[in-house]
Amino acid sequence: MSEALVGGIVALAGTLLGFLGALGIRSLDIRRQEAEAKLQLVGYITTVISELAMNHTILIHVVENKSNEGELTVSDSAYRSAELVLSRDLTWKALEEVYKAYAPIRAGHLYAWIFVRSGASFDVQSYRQIDLDACASQLPQLERAAAALREERERLTARRFRRRGI
């Protein structure tokens, strides 16, 4: 009877250790996945900051050179690629600043429509032109959005390094 009792206790201890080991491995796996997700988020944020800087440079060039003909080469592709991840993990303040920076680009509000009436037949022709005032007024918003994203990136990376004791 005592051998059976010892065998039962050993089996129970083995089962318990196996269960605790599985929980430990699962916990480590969850932490690894969370760390990978944070790194991916930081990468998305950095890419969108770069896109905002590129758009800022393009708009400054257009405004300073009063170049209102042609197409703006501003982009929102990095933001569109990251939009779901950013909307899940950023603060409302940062999201609002980024949205305000991209909304005029997405909606085409950096252009003005020019209508020209020709002759007595009232033929109206229209064409669009880059709206230099809209471009100039958008520059501070691009800067605010980039600053908000830098704060978010700092918040995310500071927490990560604090855990490691760095």
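Scanning both residues, A148 and A94, for their nearest heavy atoms gives CB-CA, 4.0 Å. When all heavy atoms of A136 and P140 are compared, the pair lying nearest together is O-CD, 3.5 Å. The two residues A101 and L142 come nearest to each other via the heavy atoms CB-CD2, 3.8 Å.
Y79 has its side chain out of reach of L52: every pair of non-hydrogen atoms, C-beta onward, lies at least 4.5 Å apart. Residues S67 and H61 form no side-chain contact, since every pair of their non-hydrogen atoms from C-beta on lies 4.5 Å or further apart. N68 is not listed as a side-chain neighbour of V62, based on a closest heavy-atom distance of 4.5 Å or more. Between L110 and Q138 there is a side-chain heavy-atom pair separated by less than 4.5 Å. Residues L149 and L90 form a side-chain contact, since some pair of their non-hydrogen atoms from C-beta on lies under 4.5 Å apart. Annotation: side chain of Y44 is not in contact with side chain of D89 (no heavy-atom distance under 4.5 Å). N55 has its side chain out of reach of L72: every pair of non-hydrogen atoms, C-beta onward, lies at least 4.5 Å apart. Looking only at side-chain heavy atoms (C-beta outward), R144 and K100 stay at 4.5 Å or farther from each other.
Using a 4.0 Å cut-off between charged side-chain N and carboxylate O, E83 and R80 make no salt bridge. Ion pairing between E154 and R150 fails under the 4.0 Å rule for side-chain N and carboxylate O. Between R128 and E71, at least one side-chain nitrogen of the basic residue sits less than 4.0 Å from a carboxylate oxygen of the acidic one, meeting the salt-bridge criterion. We find that R32 and E36 are joined by a salt bridge, their nearest charged nitrogen and carboxylate oxygen being less than 4.0 Å apart.
Taking a 6.0 Å sphere around OH of Y111, one finds it holds more than 12 heavy atoms contributed by other residues, nucleotides or ligands.
Partner E152 forms a side-chain contact (heavy atoms from CB on, under 4.5 Å) with one of L41, T91, L95 and no other, that one being T91.
Rounded to the nearest 0.5 Å, atoms NE2 (H56) and CD (Q141) are 11.0 Å apart. With rounding to the nearest 0.5 angstrom, the CD1 atom of I58 is 3.5 Å from the OG1 atom of T73.
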